[in-house]
J.: 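Got a structure here, written out as structure tokens. Questions coming.
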Amino acid sequence: MAPDRAYEVNAFGRWRAKTSLLLCALTFAALTGCGKEDESASGVVSTEPGPAPLIFATNYPLQYVSAALTGDAAKVQFPNMDGDPAFWQPTADVVAEMQQADLIVLNGAGYEPWLGQVTLPADRLLDTSAGFRDQWIESGGPTHSHGADGEHAHSNYAFTTWLDFDLAKIQAAAIRDRLATLLPDIDQEIEGNWTTLTTRLDAWDTRLTELGARFGDTPVLFSHPVYQYLERRYGFNGRSLHWEPDSVPLDAEWAALPALLSEHPATLMIWEDEPLAETVEGLRALGVESVVFSPMGNRPATGDFESNMEGNLESLEGVAPP
């Protein structure tokens, strides 16, 4: 019986050794958690998710699209600023914030002239209009000074690309594609948000197409050269001035207007923001009514991008030819 007893002891010993190794392996796996859990100094393992990624947008339309796609899964930041973001210059503090962002969403088409003057991580920059560079509209205008933005000159390219909602979809798609890398765990949620967003953009595109058809060749004036993509996409027959809504035009600008109206007999001027009452009355005396269609480059005083764009379209529909 002795040999049999020895065999039982040895077999039991081997079983205990294997069991101990298995327990050690399971304990190690639980502690490491494949890198998804963190252990505090007190030895307590935390399963709390890490901080949400930070996305920095250089204008309000880009913030709107980025936030619409990510929902609560990311923090989308757009700096507080006065005036048009196209003429904004980031401070050193804002540049430092951008350097910490996981993604910096750019409009492109000359919208960020300060980009070459700051140091930002190239692998985190996303130029949302790079994919349709062949559709950029060449622009360029004289340096001029009006309102809160002070003296400025327009880019060599028109930059309010999002006023063509077909191009806006391309910009949104560029953001969606980058988010697939940044937030792979919520890809289905992003796709659902993408469907909702593009349905809205398509609806706005349809309404503006119908408005363009209603206006046809009817001459209109634009208060500022920021509507080029809207004009081209939807077929508006427009001429652009350099009038600011918060300033009364100079005497020379008033004096030049009748000559323009004689060759381009517009009865409507489309403004970026609500013009001064004195300006409205002066235009009305020349047979020109005013309506606001805000490009929405900056955050509105009330509402959001969606509600204000709806307001833009309703205002334009209210003055369009039948």
Side-chain angles (χ1 to χ4, degrees), residues 59-62 64-65 68 84 86 107 109 129 132 135-137 139 157-173 196-245 257 260-261 263-275 279-280 283-284 286-298 300-322:
N59 65 23
Y60 182 59
L62 294 174
Y64 164 75
V65 169
D84 191 336
N107 190 79
S129 66
F132 55 85
Q135 298 186 59
W136 292 3
I137 297 175
S139 182
Y157 291 97
F159 44 68
T160 48
T161 50
W162 63 90
L163 292 184
D164 173 341
F165 287 113
D166 191 55
L167 296 183
K169 280 180 65 175
I170 298 176
Q171 293 183 269
T196 300
L197 175 64
T198 54
T199 298
R200 188 174 301 134
L201 294 176
D202 286 340
W204 291 339
D205 184 67
T206 297
R207 289 171 68 182
L208 270 173
T209 299
E210 293 170 351
L211 278 165
R214 286 173 62 181
F215 274 95
D217 292 330
T218 303
V220 298
L221 296 177
F222 294 102
S223 66
H224 218 63
V226 293
Y227 296 95
Q228 299 96 325
Y229 290 97
L230 183 145
E231 291 181 69
R232 183 181 68 181
R233 169 72 174 170
Y234 306 109
F236 283 86
N237 178 20
R239 297 283 288 272
S240 294
L241 304 177
H242 283 274
W243 289 21
E244 303 291 340
L257 187 56
L260 173 60
L261 292 175
E263 63 180 71
H264 187 76
T267 58
L268 181 70
M269 182 182 286
I270 298 173
W271 289 84
E272 299 169 272
D273 203 349
E274 197 68 44
T279 304
V280 172
L283 286 170
R284 186 170 289 148
L286 295 172
V288 179
E289 294 296 325
S290 298
V291 67
V292 174
F293 191 102
S294 172
M296 299 286 294
N298 205 344
T302 59
D304 58 14
F305 189 91
E306 182 180 351
S307 64
N308 279 266
M309 190 56 67
E310 287 287 336
N312 280 341
L313 291 165
E314 289 171 6
S315 295
L316 204 53
E317 287 165 344
V319 296

J.: How long is the straight-line distance from OG1 of T198 back to CZ of F165, given to the nearest 0.5 Å?
T.: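 Rounded to the nearest 0.5 Å, the CZ-OG1 separation comes to 13.5 Å.
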J.: For the residue pair Y64 and M309, establish whether any side-chain heavy-atom pair is separated by less than 4.5 Å.
T.: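 No - every pair of side-chain heavy atoms lies 4.5 Å or more apart.
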J.: Identify the two heavy atoms, one from F293 and one from N312, that lie closest to each other, and give their separation to 0.1 Å.
T.: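 Closest heavy-atom pair between F293 and N312: CA-OD1, 3.3 Å.
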J.: P61 and M296: which non-hydrogen atoms are nearest, and at how many Å?
T.: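 Closest approach of P61 to M296: CD-O, 3.2 Å.
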J.: Would you list the pairs meeting side chain to side chain donor-acceptor pair (under 3.5 Å) in which at least one residue belongs to residues 162-173, sequence neighbours left out?
T.: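 Those involving residues 162-173 are N107-Q171, T128-Q171, T161-Q171, K169-D202.
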J.: Which pair of heavy atoms, one from W271 and one from S290, lies closest together, and at what distance?
T.: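 Nearest heavy atoms, W271 then S290: NE1-OG, 3.2 Å.
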J.: Got a second to check how far I270's CD1 is from E289's CD, nearest 0.5 Å?
T.: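 That separation rounds to 13.0 Å.
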J.: Is there a donor-acceptor pair closer than 3.5 Å between any side-chain N or O of Y229 and the backbone N or O of A158?
T.: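 The answer is yes, because a donor-acceptor pair under 3.5 Å joins these two groups.
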J.: Nearest heavy-atom pair of M269 and L241: which atoms, and what distance?
T.: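 Shortest heavy-atom contact: CE-CD1, 3.3 Å.
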J.: Under the salt bridge (charged side-chain N to carboxylate O under 4.0 Å, His left out) rule, what pairs show up with a residue in residues 312-322, not counting sequence neighbours?
T.: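 Found R207-E317.
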J.: Would you please name every residue forming a ring pair (Phe, Tyr, Trp, His ring centres under 6.0 Å) with F215, sequence neighbours left out?
T.: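 By the ring pair (Phe, Tyr, Trp, His ring centres under 6.0 Å) rule, F215 matches F236.
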J.: Does any part of the side chain of L201, heavy atoms only, come nearer than 4.5 Å to the side chain of L197, both counted from C-beta?
T.: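 Touching, per the 4.5 Å side-chain cut-off.
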J.: So, taking the atom named CD in E272 and the one named OG1 in T160, what distance separates them when rounded to the nearest 0.5 Å?
T.: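 Reported to 0.5 Å precision, the distance equals 9.0 Å.
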J.: Return the set of residues passing side-chain contact (heavy atoms from CB on, under 4.5 Å) with A173 (not counting sequence neighbours), or none when no residue passes.
T.: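 Once residues adjacent in sequence are excluded, the partners of A173 under the side-chain contact (heavy atoms from CB on, under 4.5 Å) criterion are R176, W194.
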J.: Just by modelled atom types, is the G297 backbone N or O under 3.5 Å from a matching donor or acceptor in the N59 side chain?
T.: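 Not at all, since once roles are kept as given, no pair shorter than 3.5 Å links the two residues.
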J.: Can you pull out every salt bridge (charged side-chain N to carboxylate O under 4.0 Å, His left out) where at least one residue sits in residues 217-229? Sequence neighbours excluded, please.
T.: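 Found none.
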J.: Counting C-beta onward and ignoring hydrogens, is there a side-chain heavy-atom pair between E231 and S240 closer than 4.5 Å?
T.: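 E231 vs S240: side chains touch.
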J.: If we only count heavy atoms from C-beta on, is the W243 to L221 side-chain gap below 4.5 Å?
T.: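 No, side chains not in contact.
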J.: Please identify each residue that fulfils ring pair (Phe, Tyr, Trp, His ring centres under 6.0 Å) with F222, with sequence neighbours left out.
T.: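 Per chain and number, F222 pairs via ring pair (Phe, Tyr, Trp, His ring centres under 6.0 Å) with Y227.
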J.: May I ask you to decide if V291's main-chain N or O and S315's side chain share a donor-acceptor pair within less than 3.5 Å?
T.: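 Here the side-chain-to-backbone pair does not exist.
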J.: With the side chain counted from C-beta on, respond yes when L167 and S129 share a heavy-atom pair under 4.5 Å apart, and no when they do not.
T.: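 A side-chain contact under 4.5 Å is absent here.
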J.: Evaluate the ring planes of Y157 and W136, with Trp represented by its six-membered ring, and classify them as parallel (under 30°), tilted (30 to 60°) or perpendicular (over 60°).
T.: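 Rings of Y157 and W136: perpendicular, as their planes differ by over 60°.
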J.: Quick one: does R239's side chain get under 4.5 Å of P219's, heavy atoms only?
T.: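 Not in contact.
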J.: Within a strict 4.5 Å, meaning less than it, do heavy atoms of the Y234 and E210 side chains meet?
T.: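 They are not in side-chain contact.
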J.: Evaluate the side-chain proximity of L208 to L163: yes if any heavy-atom separation is below 4.5 Å, no if none is.
T.: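 Result no, sub-4.5 Å side-chain heavy-atom pair not found.
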J.: According to the interplanar angle, ranging from 0 to 90°, do the rings of H242 and H224 count as parallel (below 30°), tilted (30 to 60°) or perpendicular (above 60°)?
T.: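 The arrangement is perpendicular - the two ring planes meet at more than 60°.
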